[in-house]
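Report on the structure given below.
In what follows, residues are counted from 1 in the order of the sequence shown.
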Amino acid sequence: MNSKELREKYINFFISKGHKRIPSASVVPENDPTVLFTTAGMHPLVPYLLGEKHPEGARLTSVQKCVRTGDIEDVGDSTHNTFFEMLGNWSLGDYFKEESIRWSFEFLTDSKYLGIDPKRLKVTVFEGDEDAPKDEESIKIWQECFASLGIDAQVWDGKNNEEAKIFPLPKDDNWWGPAGITGPCGPDTEIFIDLGKSTNYDTCPNGGDCKPGCHCGRYVEIWNNVFMQYNKDAEGKFEPLSQQNVDTGMGLERTLAMLNGFDNIYESDVLKPIVDKVKELSGNKDEKSARIVADHIRTSVFMISDGVVPSNLERGYILRRLIRRAIRSARTLLMPEKFLPTLVDVIMGIYGEEYPELLQNKNKIVEELEKEDEKFGKTLENGIRELKKLYPIGGIDPENLPKGMEISGNILRIDGAVVFRFYETYGFPIELTQEIMKDWGVAFDEQTMQEAREAMKRHQELSRTASAGMFKGGLADSSIETTRLHTAAHLLLQALRLVLGDHVFQKGSNITAERLRFDFSHPDKMTEGERKKVEAIVNEQIRKALPITCEEMNLEDAKRLGAMGVFESKYGEKVKVYVMGDEEKGIFSKEICGGPHVENTSELGHFRIKKEESSSAGVRRIKAVLE
Ligand code: SER
């Protein structure tokens, strides 16, 4: 079965069960500042899982583009990749465990659909803890499903690993979400295929005593059905949701590999042509490096298509790391120069029909990849040469360590600033330097990496300040006028959210002494009435003479407080939270911001929107003044 057939079968099956297909959202989450990329099909559905009505109804299905880079260093083995498609179905307060499990079982085992031998299936369920009880209901439903095909599905008792079908496991295994810091989550039941004892059995970390959830590769998880009935709040508590939801996700590449009897995902029709092209161009050398190139360039293509560009910051830095990692592997394979457009063509051939945005953005994709290749390609060899001088392949004489270097076993301690300098001088993302050293047999110790990350962070702060016009928070100067307008921007954001809805987030701002320019997410032109309402709300807060206070706290606490802001900072970092209002007059807005601000909203005068226009797709721009 190829990818097209699997997507169609899945979607049509759920349409036949009353679902509506929704399109894949961008890999850049639109309204969730707590994550960098869309990691699952549920991500764009968070507001609806929390109770908002979805325009397409309460049963939805989709094929979602997902990016997960947490296991980037494992890419190249049989199951890891950084981009994948997730087939999903959702109940928004409609059906629950019964239908969800029965339909999964039907889709997997019925010969009209995937026709998998039920003997090869094993499932896990939540064993229960202080937050939620043991999932007896799912156990019972699974037993009935298996019994319908003549299988007596035993529950795992701690010993019967081979015979058992249903394994109750703790939260680590059988709880999903929230995707970010807070949000919908719940117990899940995961479905595994047993590939049989032969697969990596001798390297099983549990000495062959394995069961679903073991990492030896015998059991491959293909589908996860989450019963989302809780919301994890900012204090870490699990509150019951007003509705019981189902959120399921099936990995396309893994399922394809399993259905076709491949022993790795790179044989599937969405990856094989890319790997084959890399091998053809490089003369068929190292399989793992070819897979890294294929995977990373595929992910980069999807990221760029959805608007990410390589940079020093956050998403852009992850993209940069992927491209540079791919380029390094391409160099070790001695790929010809200018290989990128050829690979992009192959990727377009695989995905162009399913994701036409790739074709529309092709020129930009090739341009960004080539720009990055040019920037990095020039310095790569020099960087490697310098790195070898610092620490030659094959090791260094422990008696003759350069100053500041310590080595114990294969753990190397150097000044983290040196690692960072390789980024500044040769463009090596700090993690890449670490990986190259690992290939040479040594690992940086944690302190070295910590220092390198800190140096990187300082560098990122500077870039952010520079791109904001050399002044904090988008200010072109800090005269009293701009300070007033900056304060007004906070009131404006909150007023927009009150009038237009919670989908409104700040997308940028630029302030001169004369006016405030403010970009925000909203799909439509604002009506005259909406403009007036927003103005009125801002002016009301000015009239109320709200005190403005600022408090420094770490980012987690700021989020817990519910402060708005661009959560680009790292955990543990101190941020300033500006609060407009107090208990007596009511708190109107809380926002993470660099400042500066006036002390009381009464200093602002009268607020007027001069213009409201489109800025880019889904983003509106307001120009406003204080009079
Ligand atoms: N959100 C769940 C997962 O990612 C099910 O889709 O596994």
Side-chain angles (χ1 to χ4, degrees), residues 69 72-76 82 282 285-286 288-293 295-297 300 310-313 316-337 339-340 369 371-460 463:
T69 57
I72 188 171
E73 289 177 42
D74 293 324
V75 168
T82 56
S282 64
K285 286 185 272 299
D286 176 47
K288 183 167 181 205
S289 301
R291 289 176 179 180
I292 292 174
V293 176
D295 171 81
H296 289 8
I297 296 303
S300 304
S311 77
N312 291 336
L313 297 174
Y317 183 69
I318 293 181
L319 171 59
R320 168 161 287 171
R321 192 177 158 204
L322 280 165
I323 302 175
R324 295 188 174 190
R325 231 176 158 261
I327 292 171
R328 178 186 169 233
S329 288
R331 287 291 167 92
T332 56
L333 289 170
L334 301 177
M335 298 265 286
E337 273 186 34
F339 70 97
L340 287 163
L369 287 171
K371 250 200 297 192
E372 196 63 11
D373 187 21
E374 194 164 314
K375 265 197 206 135
F376 184 54
K378 273 200 210 122
T379 54
L380 177 62
E381 263 145 50
N382 292 342
I384 298 268
R385 200 176 315 122
E386 287 308 308
L387 210 50
K388 280 184 195 157
K389 277 191 205 154
L390 183 78
Y391 189 90
I393 301 179
I396 200 163
D397 176 5
E399 303 297 314
N400 268 319
L401 286 179
K403 203 161 156 272
M405 195 184 260
E406 291 164 34
I407 195 156
S408 103
N410 68 341
I411 305 289
L412 185 64
R413 162 95 189 95
I414 57 172
D415 182 353
V418 176
V419 181
F420 169 68
R421 223 172 290 137
F422 275 87
Y423 180 67
E424 252 194 327
T425 316
Y426 303 106
F428 286 33
I430 56 176
E431 299 81 2
L432 183 68
T433 305
Q434 183 184 28
E435 288 162 25
I436 296 174
M437 295 302 255
K438 243 190 222 161
D439 289 350
W440 296 351
V442 283
F444 288 133
D445 80 346
E446 191 33 48
Q447 200 186 334
T448 299
M449 281 312 285
Q450 186 57 30
E451 287 167 7
R453 280 192 287 270
E454 274 159 22
M456 187 72 209
K457 200 161 86 186
R458 282 192 294 277
H459 178 69
Q460 291 173 330
S463 316

Exercise for review: Answer yes or no: is there a donor N or O on one side and an acceptor on the other, between the side chain of T425 and the main chain of F422, under 3.5 Å?
Suggested key: no
Between the CD1 atom in I436 and the CD1 atom in I384, the distance rounded to the nearest 0.5 Å is 4.0 Å
Smallest heavy-atom separation, M405 atom then L390 atom, equals CE-O, 3.4 Å
Atom CD of residue position E381 - does it have more than 12 heavy atoms of other residues, nucleotides or ligands inside 6.0 Å?
no
Taken to the nearest 0.5 Å, the spacing of I318 CD1 from T69 OG1 works out to 4.5 Å
Look at the aromatic rings of Y423 and H459 and report parallel, tilted or perpendicular, splitting at 30° and 60°.
perpendicular
In short, N410 meets G441 closest at the heavy-atom pair CB-O, 3.4 Å
> Parallel under 30°, tilted from 30 to 60°, perpendicular over 60°: which one fits the rings of Y426 and F428?
Replying inline: perpendicular
Shortest non-hydrogen pair, L319 vs P310, comes out as CD2-N, 3.5 Å
Test side chain to side chain donor-acceptor pair (under 3.5 Å), reference N382, set R385, K378, E386, output is R385
Separation between CZ (R331) and OG (S282), nearest 0.5 Å, reads 14.0 Å
In this structure, CD of Q460 is separated from CG of N312 (nearest 0.5 Å) by 6.5 Å
Q. Does the pair I414 and Y391 meet the rule for a side chain to side chain contact (heavy atoms under 4.5 Å, CB included), with working shown?
A. CA-CA 11 Å; I414 57 172; Y391 189 90; over 6 Å; no
Rounding to 0.5 Å, atoms CD (E431) and CZ (F444) come to a distance of 11.5 Å
Notebook entry, point to check: Taking side chain as C-beta onward, heavy atoms only, is Y317 less than 4.5 Å from I430?
Noted result: yes
4.5 Å side-chain heavy-atom contact, L412 and T448
no
Heavy atoms of S329 and S289 approach each other most closely as CB-O, 4.0 Å
ask   = Do side-chain atoms of K285 reach the backbone of L333 as a donor and acceptor pair under 3.5 angstrom?
value = yes
In short, salt bridge (Lys or Arg N to Asp or Glu O under 4.0 Å) pairs touching residues 433-448 with sequence neighbours left out are E73-K438, R321-E435, R325-E435, R328-D439, E446-R453
On a heavy-atom basis, the closest approach of S300 and I323 is OG-CG1, 3.5 Å
V293 and A326 have their tightest heavy-atom pair at CG2-O, 3.7 Å
Here the gap from F420 atom CZ to K457 atom NZ, rounded to the nearest 0.5 Å, amounts to 13.0 Å
Hey, is the main chain of A443 close enough, under 3.5 Å, to the side chain of Q434 for a donor-acceptor pair?
-> no
* Note, L322 side chain near I72 side chain (heavy atom, < 4.5 Å) -> yes
Any non-hydrogen side-chain atom of H296 less than 4.5 Å from a side-chain atom of R291?
no
So salt bridge (Lys or Arg N to Asp or Glu O under 4.0 Å) across residues 397-417, not counting sequence neighbours, yields R413-E451
